[in-house]
K.L.:
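A single structure is presented below for examination.
Everything numeric in this text was worked out from a predicted model, so none of it was measured. Protein chains get the first letters and strands the later ones, always in sequence-line order, with residue 1 at the start of each.
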2 protein chains.
Amino acid sequence: MVQTVANGIEAIAAIRKHRPDIAILDYNMPGANGLEVLLEARRWAPETRFLMLTGSMQAQMLAQLVEAGIHGVMLKDGSEAEVVDAVRQVRDGKKVISDSARRMLAAAGETAALTDRELAVVQAIARGHSNISAAALLGISAKTVDTHRTNVMRKLGAHSTASLLLSAVRAGLLDPDSLR
Amino acid sequence: MVQTVANGIEAIAAIRKHRPDIAILDYNMPGANGLEVLLEARRWAPETRFLMLTGSMQAQMLAQLVEAGIHGVMLKDGSEAEVVDAVRQVRDGKKVISDSARRMLAAAGETAALTDRELAVVQAIARGHSNISAAALLGISAKTVDTHRTNVMRKLGAHSTASLLLSAVRAGLLDPDSLR
DNA sequence: ACGGGCATCGGGCGATCACCTGATTTTGCC
DNA sequence: GGCAAAATCAGGTGATCGCCCGATGCCCGT
């Protein structure tokens with residue numbers, strides 16, 4: 001059986017319902033990114049193996065995926081045969097990380113590259129501020145806060161305020177204890 | 001010098017700027033609630049004393065205020081003279097909690113009274129889900145998720161997704177470690 | 001001098017949120 | 001059986017978010 005879905009939310013629902021052998025995911029999807037789908041869907045389909053097949057990938061995200069126990073990561077610079085082979089390998093219980101992805105992992109390792117200002121915005125948001133109140137707090141325009149916020153969300157692969165905070169915590173940018 | 005402001009955000013800005021002797025706050029304000037104003041403004045005006053003067057008050061919120069070291073809490077069921085007296089007492093460095101507020105504190109003590117379903121919604125949101133994806137996850141309509149979310153936010157005094165998560169953590173409804 | 005990264009701000013737009021009122025069904029309990 | 005709380009869903013509205021575009025100015029390395 002083969003099924004395709006249009007976004008992250010449907011992916012979670014479909015995996016949860018059908019518990020497929022393999023789920024091939026893109027990282028950048030509307031609704032929920034690849035990491036979120038992995039973490040959420042795995043709760044309902046522990047047997048399913050996850051292969052991330054994506055075009056662009058931040059080392060940041062990649063590290064999170066590996067840490068989360070992703071079964072395979074392929075960048076789209078690979079040939080068709082490589083992808084097919086990766087699917088087979090994952091099916092057989094092996095972990096597959098493409099060379100290009102592995103290179104990124106090695107080259108990275110440090111914390112996400114957030115600007116001072118971006119970090120300040122994230123921390124303000126993490127303290128419960130809206131764009132507007134954070135802007136008042138930092139003495140800048142709400143538009144600027146919005147720009148920083150958007151840039152950070154792109155870097156971390158988040159699509160909402162909640163997942164922004166989640167990703168920031170996972171990336172070590174925020175101390176969970178600071179939320180107390 | 002006396003100044004009045006229209007909402008929580010302006011309150012933070014004004015306290016930060018003028019560092020008044022006393023800030024008299026309502027709890028339910030647009031933009032930022034009393035607890036948030038207290039926590040944030042105190043960073044910039046450590047000398048300022050805070051008196052919460054509010055109409056309705058959940059025991060939940062009250063406990064958080066007291067724990068945060070609020071200098072005074074008055075419910076609006078008090079007479080005018082009581083309020084004036086409270087301001088004077090706070091000015092003189094005493095802590096003032098009105099009888100009605102103290103009764104609530106005593107009667108409470110346990111965790112916030114969130115429904116099973118409400119808690120499930122909050123936890124879904126805390127895992128990065130939007131209303132819509134949380135609805136798909138729980139198998140209910142997005143409208144229902146929205147209702148639960150709104151109700152929880154009223155109970156906790158939150159006005160945004162970020163502050164909802166913050167309040168939930170502070171109320172012990174969410175384990176900060178679960179965000180990792 | 002030139003490019004490049006960063007911070008700042010603005011317009012604009014569709015999606016979502018935050019919140020209201022109101023309604024029906026389900027559930028637990030006396 | 002009937003009451004009360006909880007859960008479900010809907011319509012609607014204004015504010016905010018998420019994100020696209022472009023523009024300016026600063027600093028910095030070559």
Side-chain angles (χ1 to χ4, degrees), chain A residues 6-10 28-33 36 56 58 112-126 128-168, chain B residues 6-10 27-33 36 56 112-126 128-168:
Chain A
N7 60 58
I9 299 170
E10 290 178 19
N28 289 303
M29 288 179 284
N33 67 37
E36 289 165 345
S56 64
Q58 295 285 109
L114 282 205
T115 300
D116 287 350
R117 222 56 182 143
E118 288 173 343
L119 187 57
V121 167
V122 172
Q123 288 173 337
I125 292 169
H129 292 281
S130 67
N131 279 4
I132 297 174
S133 74
L137 186 66
L138 298 174
I140 58 181
S141 136
K143 269 298 184 181
T144 304
V145 172
D146 184 48
T147 299
H148 288 317
R149 183 191 200 126
T150 298
N151 290 337
V152 172
M153 291 177 85
R154 198 204 328 275
K155 284 183 182 177
L156 299 182
H159 293 283
S160 68
T161 301
S163 67
L164 168 62
L165 297 184
L166 263 186
S167 301
Chain B
N7 60 57
I9 299 170
E10 291 179 18
Y27 191 88
N28 290 303
M29 288 179 285
N33 67 36
E36 290 165 344
S56 65
L114 282 205
T115 302
D116 288 349
R117 225 52 184 142
E118 288 173 342
L119 187 57
V121 168
V122 172
Q123 289 173 337
I125 293 170
H129 292 281
S130 68
N131 278 5
I132 295 175
S133 75
L137 186 67
L138 298 173
I140 58 181
S141 128
K143 270 298 185 182
T144 305
V145 172
D146 184 48
T147 300
H148 288 316
R149 185 193 198 121
T150 297
N151 290 338
V152 172
M153 290 177 85
R154 198 205 328 276
K155 284 183 182 177
L156 299 182
H159 293 283
S160 68
T161 301
S163 67
L164 168 62
L165 297 185
L166 261 185
S167 301

K.L.:
Quick check for you: to the nearest 0.5 Å, what is the distance between Ser160(B) atom OG and Ile125(A) atom CD1?
P.N.:
9.5 Å

K.L.:
Please state how far atom CD1 in Ile125(A) lies from atom C1' in dT16(D), giving the value in whole angstrom units.
P.N.:
12 Å

K.L.:
Starting from C1' on dA6(D), measure out to CG on Asn151(B) and report it in whole angstrom.
P.N.:
10 Å

K.L.:
How many whole angstroms separate atom CD of Glu118(A) from atom C1' of dG5(C)?
P.N.:
11 Å

K.L.:
Donor-acceptor check, side chain of Asn151(B) to backbone of Thr147(B), threshold 3.5 angstrom: yes or no?
P.N.:
yes

K.L.:
Nearest whole angstrom, please: distance from the P of dG18(D) to the CG of Leu156(A).
P.N.:
13 Å

K.L.:
Output one letter per nucleotide in nucleotides 11-19 of chain C: B when a protein non-hydrogen atom lies under 4.0 Å from the base, S when only the sugar-phosphate is that close, - when neither is.
P.N.:
BB---SSBB

K.L.:
Tell me whether the OP1 or OP2 atom of dC6(C) has a side-chain N or O from Arg117(A) closer than 4.0 Å.
P.N.:
no

K.L.:
With distance as the sole test, does Glu36(A) use its side chain to make a donor-acceptor pair with the main-chain N or O of Ala32(A) at under 3.5 Å?
P.N.:
no

K.L.:
What is the distance, rounded to the nearest whole Å, between atom CG of Leu138(A) and atom P of dC9(C)?
P.N.:
11 Å

K.L.:
As a test of understanding, state which of Leu138(B), Thr144(B), Val145(B) forms a side-chain contact (heavy atoms from CB on, under 4.5 Å) with Ser141(B).
P.N.:
Thr144(B)

K.L.:
The criterion is side chain to side chain contact (heavy atoms under 4.5 Å, CB included); which residues satisfy it with His159(A), sequence neighbours excluded?
P.N.:
Asn33(A)

K.L.:
Checking Ser130(A) side chain against Ser133(A) main chain: does a donor-acceptor pair fall under 3.5 Å?
P.N.:
yes

K.L.:
Under 4.0 Å between a side-chain N/O of Ser141(B) and OP1 or OP2 of dA10(D), yes or no?
P.N.:
yes

K.L.:
Grab the CG-P distance between Leu164(A) and dG18(D) for me, whole Å please.
P.N.:
8 Å

K.L.:
Using atom CD1 of Ile140(A) as one end and atom P of dC6(C) as the other, report the distance to the nearest whole Å.
P.N.:
16 Å

